[in-house]
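Following: one structure in structure tokens, then a few remarks.
In what follows, chains are A, B, ... by sequence order, proteins preceding strands, each numbered from 1.
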Amino acid sequence: MSIILDKVNYVYSEKTAYEIQALKNISLKIEDGEFIGIIGHTGSGKSTLIQHLNGLVRATSGGIYYNGRDIYEDDYDRKKLRGMVGLVFQYPEHQLFETTIFADVSFGPKNQGFTKKEAELKAFTALRSVGLSEDYWYRSPFELSGGQKRRVAIAGVLAMDPEVLILDEPTAGLDPKGRDEILDQVAKLHQERRMTIILVSHSMEDVAKYVKRLIVMNQGSIMLDGTPGEIFAHVQELEAVGLAAPQVTYLMHDLRKRGIQASGTATTLEEAKEAILQAFHKK
Amino acid sequence: MKFIEARKLIHEYIRRDEEGNVESILTALDQVDLDVKQGEFVAVLGHNGSGKSTLAKHLNVLLTASGGTLWVDGKDTKDPDNLWAIRQNAGMVFQNPDNQIIASVVEEDVAFGPENIGVSTPEIWKRVERSLKSVGMIKYREHSPNRLSGGQKQRIAIAGVMAMEPKCIVLDEPTAMLDPNGRREVLDAVEQLNKEKGITVILITHYMEEVVRADRVYVMDNGRVVMQGTPRSIFSQVDTLKSYRLDVPQITLLAYELRNAGLNIPEGILTRQELVEALCRLY
Amino acid sequence: MLRDITIGQYYPADSVIHKLDPRTKLMGALLYIVSLFVFRGVAGFAAVTLTLIFIIALSKVPFGYMVRGLKAIVVILVITIVFNLFLTPGEPLVEFWKFRITWQGLENAGFMAVRLTYLILGSSVLTLTTTPNQLTDGMEQALKPLNKIRIPVHEISMMMSIALRFIPILIEETDKIMKAQLARGAEFESGNLIKKAKSLVPLLVPLFISAFRRANDLAMAMEARCYHGGQGRTKMKPLRYKRKDAAAYLLSVGYFAGVIALRIVF
């Protein structure tokens, strides 16, 4: 099970004055059960890229294969694909529309053709897995706080039982607590259900803490692809395109320059702490 | 000289049912005391729903108090005669960059404020030019706001406030919807206005990193001011901050954890340089 | 699809027409439109055509760009032609099966087609050479006398300019919400009319909520910037007539008188 992108190109407003090549020759393989972070600034093509993965946007050229099948084949069921590759948009709470939370979450499975009962069962499981208290389920989604609304919106996608879950900046605009809650939920889905997760973000600190593979996008191309440790070793290249490594990565760099023997490229607070304490103990 | 003085400021959102009976009362501001001197850079920190945005709206008299008193520039906000003078002197920038730009051309938007307060045409031109320069957006003066980035739009909004020549700018989570580059652009612009033009700045935010630049910090929780002091003194209380659903910049947190692990590092480390120096001294 | 409409889009260029006062252009456009319904005969047709060509040339907007705006009315154009062609009574020209085309029908169809095309081309000169803001400013000024009969001219023009600013934002938002619901398995194209209408609920509800939120935010932002209606307001770019406006007025009135004269004489 995998997603393969083969030389995917995408051009916006082709043959007009505003023509922009949003994706340039993207080739990529995403294995089953991976936890991937995609990083880049606004306009780097990261949002366009993920909209290709569930077939919402059609590549101008190149091929996309989901579990070995060409999704652009004429008889390929692209609606079914959208159920298997769940995509949570930025500010997903803006798409809520039903009178109750429960009805809103059932919307996806109902569209997939499940009966009312089945759809409700799926909504039930999904709301459970995002950790929203049952007291709220039959209230209007518009009574909730920002963080809660976002969890409902994520449940709306989870209810479709996707094999792959893609989240576009799921923490934008949330406060620290809300942010941690959402990211912890997502990590739990990865651990418990072996769901493939793709997290689009511009926060290096968030991403480094959770993902095992990082893809850095710049101007429509993949600039770097590797583990967070590998990626953040390229601090200068990241900075050249206006991105930054986590603060602790810089710190370790500075410490080594000043002669403190702390080893490794720390990308998270825990790693940095370990490395520094070790350096002090060795002495 | 005091520019803002709040004494026991209270704000209650009262919800009534159809017959006009009080259904519930939400105390968004609970006996808030606030003192800001002319030319200061004050940050107000709190998670979503802590009351910080309500406070911001009081400073611009978009809301008026249910109890207590608030003076802005020596004028009582309860007196309707002071309304326009206060709004002109304490300009306000909001969270969503799209929803505060009124005109379809950048320079015409900046002119909106001065037009409202009856500034003469030649003077408007001078002010528009001056304020666009002060935020580094002069070369976009004839552009449409729609094709600008979020950070650029927020700088236009700041210019729009500056064109009214206020003594103070209140920014209500101006960076919540921006990417890291945009966030930096906006904060740099704000800091520059404070340092170079002596504009009093009140920055409402939940990003801890942004608070480091302020002279003083107020922390709000549940409508109350629960902490206040310099950024250093606030950040030395990591546990207290966490209990208010806030988190601490990564470097400060690392310093705190290293200190807990037995390294003799001073409290309230704010920057990477400070931590590097502290560790080198120990090594 | 929504992006193909060129009516109402500004085409920046450095031309005499661009520099005219919007009030002058509004007046000119009005006279031109009336003239389209006044002219008669070959001489009138020639006068109107030459004037249109002259104005388009002056405006420096590429002709191809203007013609694209006609796409939006192709359907209306075809219907008008067909109706006039087949339903005008008179001396038959061609007859087949149940249909009959008459000389008068041909003439009527031709004139209607010309009128409609010229109407769109002429009014697109106005919108292509005038920024939306100038246009609303112009309307506000031109309609100011209506203030006396308690029509809130300033408020109306403020609403118009805000609408113009938010149209692109809302179009983008519609696109975003549509994609988000598609990702949840929604379908917007299939099914019968009732099903289609029902499928719009997940799109329209979020769109309205968003529009209301934006309106609320915007109202607050305007208040914070001391907006309190049109009273005592000054302008960054007040409208002032220049010499070329006087010339343009003279020419438009002259043209209009000419078309009427041609109608009477021929």
Side-chain angles (χ1 to χ4, degrees), chain B residues 53 56-57 59-63 83-105 107-129 141-147 157 160-161 163-164 166 169-170 172, chain C residues 3 8-12 14 18 127 130-137 140 154-155 157-173 176 209-240:
Chain B
S53 278
K57 286 179 189 124
L59 300 179
N60 193 267
V61 212
L62 290 169
L63 294 173
L83 180 67
W84 302 109
I86 293 175
R87 283 198 182 151
Q88 189 186 328
N89 267 320
M92 188 146 173
V93 176
F94 299 85
Q95 186 186 88
N96 190 327
D98 275 324
N99 298 356
Q100 54 185 320
I101 294 179
I102 291 118
S104 307
V105 181
E107 60 179 10
E108 289 174 15
D109 185 72
V110 176
F112 183 74
E115 285 179 342
N116 287 333
I117 53 180
V119 175
S120 72
T121 300
E123 175 66 16
I124 293 179
W125 281 87
K126 275 187 223 152
R127 286 189 182 194
V128 166
E129 185 157 337
R141 64 184 301 164
E142 281 168 21
H143 284 227
S144 152
N146 288 331
R147 289 188 184 272
V161 168
M164 299 200 298
I169 294 192
V170 182
D172 187 4
Chain C
R3 286 175 201 126
Q9 274 183 13
Y10 177 65
Y11 185 92
D14 183 31
H18 280 77
T127 55
T130 320
T131 63
N133 286 38
Q134 284 177 330
L135 208 57
T136 47
D137 264 9
E140 183 179 353
H154 166 77
E155 280 72 15
S157 79
M158 177 59 81
M159 280 195 277
M160 275 174 58
S161 56
I162 288 172
L164 285 168
R165 149 119 181 85
F166 276 88
I167 284 170
I169 295 176
L170 289 176
I171 289 178
E172 206 176 292
E173 183 132 359
K176 229 189 279 169
I209 291 172
S210 150
F212 277 117
R213 195 186 50 236
R214 286 181 192 280
N216 201 13
D217 283 5
L218 191 71
M220 202 145 62
M222 288 171 76
E223 252 190 80
R225 281 159 82 182
C226 296
Y227 181 72
H228 51 279
Q231 244 180 11
R233 235 179 152 247
T234 48
K235 291 241 171 212
M236 181 189 192
K237 297 171 180 169
L239 296 177
R240 268 191 212 109

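C:T234 places no side-chain N or O within 3.5 Å of a backbone atom of B:S120 that could act as its donor or acceptor partner. When atom types are taken as modelled, the side chain of B:Q100 and the backbone of C:D217 share no donor-acceptor pair closer than 3.5 angstrom.
For the set C:C226, C:A221, C:A219, the count of heavy-atom pairs under 4.5 angstrom toward chain B peaks at C:C226. Annotation: maximal heavy-atom pairing with chain C below 4.5 Å, among B:V128, B:V61, B:I117, B:D98, occurs at B:D98.
Heavy atoms closer than 4.5 Å to chain B are found in both the backbone and the side chain of C:L218. For B:L62, the part sitting under 4.5 Å from any heavy atom of chain C is the side chain, from C-beta outward, and nothing else. Of the two parts of B:F112, the backbone and the side chain both hold a non-hydrogen atom closer than 4.5 Å to a non-hydrogen atom of chain C. Both the backbone and the side chain of B:E107 come within less than 4.5 Å of a heavy atom of chain C. Contacts between B:P122 and chain C at a heavy-atom distance below 4.5 Å are absent for every atom of the residue. With a 4.5 angstrom heavy-atom cutoff, B:A103 touches chain C via backbone and side-chain atoms both.
Side-chain contact check for C:R225 versus B:D109: some heavy-atom pair is nearer than 4.5 Å. Within the 4.5 Å cutoff, the side chain of B:N146 has heavy atoms near those of the C:R165 side chain.
Residue C:S161 comes nearest to B:S104 through the heavy atom pair O-OG, 4.4 Å, listed as atom of the first residue, atom of the second, then distance. The two residues C:F166 and B:N99 make their nearest non-hydrogen contact at CE2-OD1, 4.1 Å.
By a heavy-atom distance cut of under 4.5 Å, B:W84, B:R87, B:Q88 are the residues of residues 83-91 of chain B near chain C, going up by number.
Under 4.0 Å is where a charged nitrogen must lie from a carboxylate oxygen, and between B:K57 and C:E223 no such pair does.
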Item to complete: Give the intermediate values and the outcome of side chain to side chain contact (heavy atoms under 4.5 Å, CB included) for residues C:R233 and B:N116.
Response: CA-CA 5 Å; C:R233 235 179 152 247; B:N116 287 333; 2.6 Å; yes
